[in-house]
Number of protein chains: 2
Amino acid sequence: MESSAGPRRVTLAQVAELAGVSVMTASYTYNRPSRVSDQARSKVLAAAARLGYAGPDPSARSLRRGSTRTLGVVMGEHLSYAFEDPEAVSFLAGIADICAGHGYGMTILPITGAADDVQRIKSAAVDGFIVWTTSDDDPVLAAVRAMRRPAVVHGGPAVQGMGLVGIDDRAAAHAVGTVAFAGAERPAIVSFPLSRDRTSAIVGGADITEVLFPVTRERLEGYRRAAEDAGIAWRDVPVAVCARNDAAEAERAAAALLASAEPPDAIAAMSDQQAAGVVHAIRAAGRAIPEEVAVTGWDDAAVAARLGLTTVAQSLRDQGAACAHAALGREPDSRTAPWSIVRRASTRR
Amino acid sequence: MESSAGPRRVTLAQVAELAGVSVMTASYTYNRPSRVSDQARSKVLAAAARLGYAGPDPSARSLRRGSTRTLGVVMGEHLSYAFEDPEAVSFLAGIADICAGHGYGMTILPITGAADDVQRIKSAAVDGFIVWTTSDDDPVLAAVRAMRRPAVVHGGPAVQGMGLVGIDDRAAAHAVGTVAFAGAERPAIVSFPLSRDRTSAIVGGADITEVLFPVTRERLEGYRRAAEDAGIAWRDVPVAVCARNDAAEAERAAAALLASAEPPDAIAAMSDQQAAGVVHAIRAAGRAIPEEVAVTGWDDAAVAARLGLTTVAQSLRDQGAACAHAALGREPDSRTAPWSIVRRASTRR
DNA sequence: CTGTTAGCGCATTCAA
DNA sequence: TTGAATGCGCTAACAG
């Protein structure tokens, strides 16, 4: 009777023996078929078929070659959270394109927020790392750096020894904020979380320097300057902090802003998803866009075109591709990506 | 000057030498810290820090242990397509839970539809495979089986030597179809693709036996029986085939059905996303739900509750977890998952 | 608690 | 075109 452990894995050596050739001839059959005679090759393949050889063992091959031909992508605290964000999905697709083109695999390294995240990074059999934007104090960053492989962060933070790919968030926020707040007297912001605990709140004159997510920090800084350019003091600008990047929470936050004693007449969001929620809240409150309340989004996703949102256009797909190149060690480590403002009917000008 | 290839990777042997201990003591420091004296451990860690040792090499460790501690997930033709489907995301989350709980990683194997998919399977350093539902003729299935590792398919097809996890789609379709078509005279179906080329069309009396996606085939079979139970011939049931599982295309398909000479008075969809599109089309056509047109979805996603959709409830998350268990070789290979009908206001009874 | 031996499966190097 | 030797970096098994 067969042992419950199942048959031992078939090795190249066994195939070679059955085929009556050396191990190297068998190896060449898989790696450089042109350097093997037709006769030898067919003997090897016949023997492999008879034994049920599964092909060269990936781990052994990685060890021998010194390369796994796989990139690791560190996707932030909640796997599903990352996948539910359509921009994150575009980013992954950009990475997948490049990996496929180079014959590389792609490993998603799900981060749970627990201490064993670091272990998962350490045991990842990958040649390079791509880290989706995170907070300045995320311990994952040090773990990735300690692996001493090519690594790149998307968005931020900037880490010594790691690449950085992303747009100039502060400049883009200043630009879109300027459009959003044109002619407004009471601008407001719907924001991503300010810290890793992801609490929701509405705060006035948020202390931007305390914000641990660099992307969020830079955007707030840009919005602050846009507000100040319009003659409005930062302490008078309410910031509705949402725990998650989705329309539903942004809608609730916007509804709260609109129901306040001094409702905003312009709302700049941090994603088109959020802006979509804001639009719903404004409509539900019976106000006109943009006459009574202007709205801006971010990313130029499909929903932005559908709702006529003024927004910041950037290609997360291209940025994913740039990150993959960097993680492959094929390109300068860092890159500032292009962005532009798309003006539509949700703003006054 | 440092070579452009960069410093050679630091090995455990170098760490051990600098620390003045044997390689095994260094190894134990990482793998069984309790079996090493505090003194030895701190010497090893100090040496590692001085040399910038990144920790045991994952590939070498996998080779030696005979296990990668990673599961591979084969996600179907388009990476982004898979991620955009919220049910697929739940499924992934279920897998991620189990992987995390067992200290396993999880590798997404993106399938492009090209010939090199098979190569990507063959070179995947994983202990087991989970295949997201695909067509009977998908060459990926043979490639996975050839790897001779624990493998499981979600949904279908059933493959000799591989596990199968999913619900009884035919029975569930029959049950929800019976509710959808109650009191209807002209039922219609909004369907997933019937073949891998993913063409859109409206067909009458679709030849179910030709459908290559087993999940779709089983659901159509169940709907057919429900229609026949209601006294309606299958050839009179229009099937609107959508290329993708999303609301937008389903809305267009439903609009076409509703604009026809004999508009349907009941529409059974294959996902809640599709059903949401159908609901929009019906509203746009100015018809009442369920009085003039009944609608059903599938999955009991958040949108189903929001729209009051009658639907089939199943837990993709639990099924993902079951697949992970099977791929870890820890459980009986196959499992029929539970489902139930959730009745809401979108149907006549 | 620590060390020695051995070899996981493969592909690079060099020789034939 | 083929083959022999070697070792990638690590850890199970055992001995001390």
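On a predicted model such as this, the values are computed, not experimentally measured, just so you know. Throughout, protein chains are lettered first and strands after them, A, B, ... in sequence-line order, and every chain is numbered starting at 1. When reading the values below, keep in mind they use all heavy atoms of this one structure, side chains included, and skip hydrogens, waters and symmetry mates.
Atoms OH (B/Tyr28) and P (D/dA12) sit 7 Å apart, rounded to a whole Å. With rounding to whole Å, A/Asp38 atom CG is found 15 Å from D/dT2 atom C1'. Counting to the nearest Å, the C1' atom of C/dA6 and the CE atom of B/Met24 are 12 Å from each other. In this structure, the CZ atom of A/Arg32 is 9 Å from the C1' atom of C/dT12, given to the nearest Å. In this structure, A/Arg61 atom CZ and D/dC10 atom P are separated by 21 Å, rounded to whole Å. Between B/Glu17 atom CD and C/dG3 atom C1' there is a gap of 16 Å when expressed in whole angstrom units. At whole-Å resolution of the value, CG in A/Asn31 and P in C/dT12 are 7 Å apart. B/Arg65 places its CZ atom 23 Å from the P atom of C/dA6, with the value rounded to the nearest Å.
In this structure, A/Arg145 places its CZ atom where only 12 or fewer heavy-atom neighbours from other residues, nucleotides or ligands lie under 6.0 Å away.
With C/dT2, C/dA6, C/dG9 as the candidates, the nucleotide lying closest to the side chain of B/Arg35 is C/dT2. The side chain of B/Leu12 sits closest to D/dT11 out of D/dT11, D/dT2, C/dC10.
Using a 4.0 Å heavy-atom criterion, one finds that A/Val36 contacts the sugar-phosphate atoms exclusively. Counting any heavy atom pair closer than 4.0 Å across all strands shown, B/Tyr53 reaches sugar-phosphate atoms only and no base atom.
Residue B/Thr11 places none of its side-chain N or O atoms closer than 4.0 Å to OP1 or OP2 of D/dG9. Note on B/Thr25: every side-chain N or O is 4.0 Å or more away from OP1 and OP2 of C/dT2. For the OP1/OP2 pair of C/dA11 and a distance below 4.0 Å, the side-chain nitrogens and oxygens of A/Ser27 include at least one atom meeting the criterion.
Distance check, rounded to the nearest 0.5 Å: CE of A/Met24 to CZ of A/Arg32 gives 8.5 Å.
Comparing A/Arg64 and B/Leu63 along DNA chain C, the residue whose closest nucleotide (by nearest heavy atom) sits nearer the 5' end is B/Leu63.
In summary, B/Arg61 and B/Asp57 do not engage in a salt bridge, as defined by a charged side-chain N under 4.0 Å from a carboxylate O.
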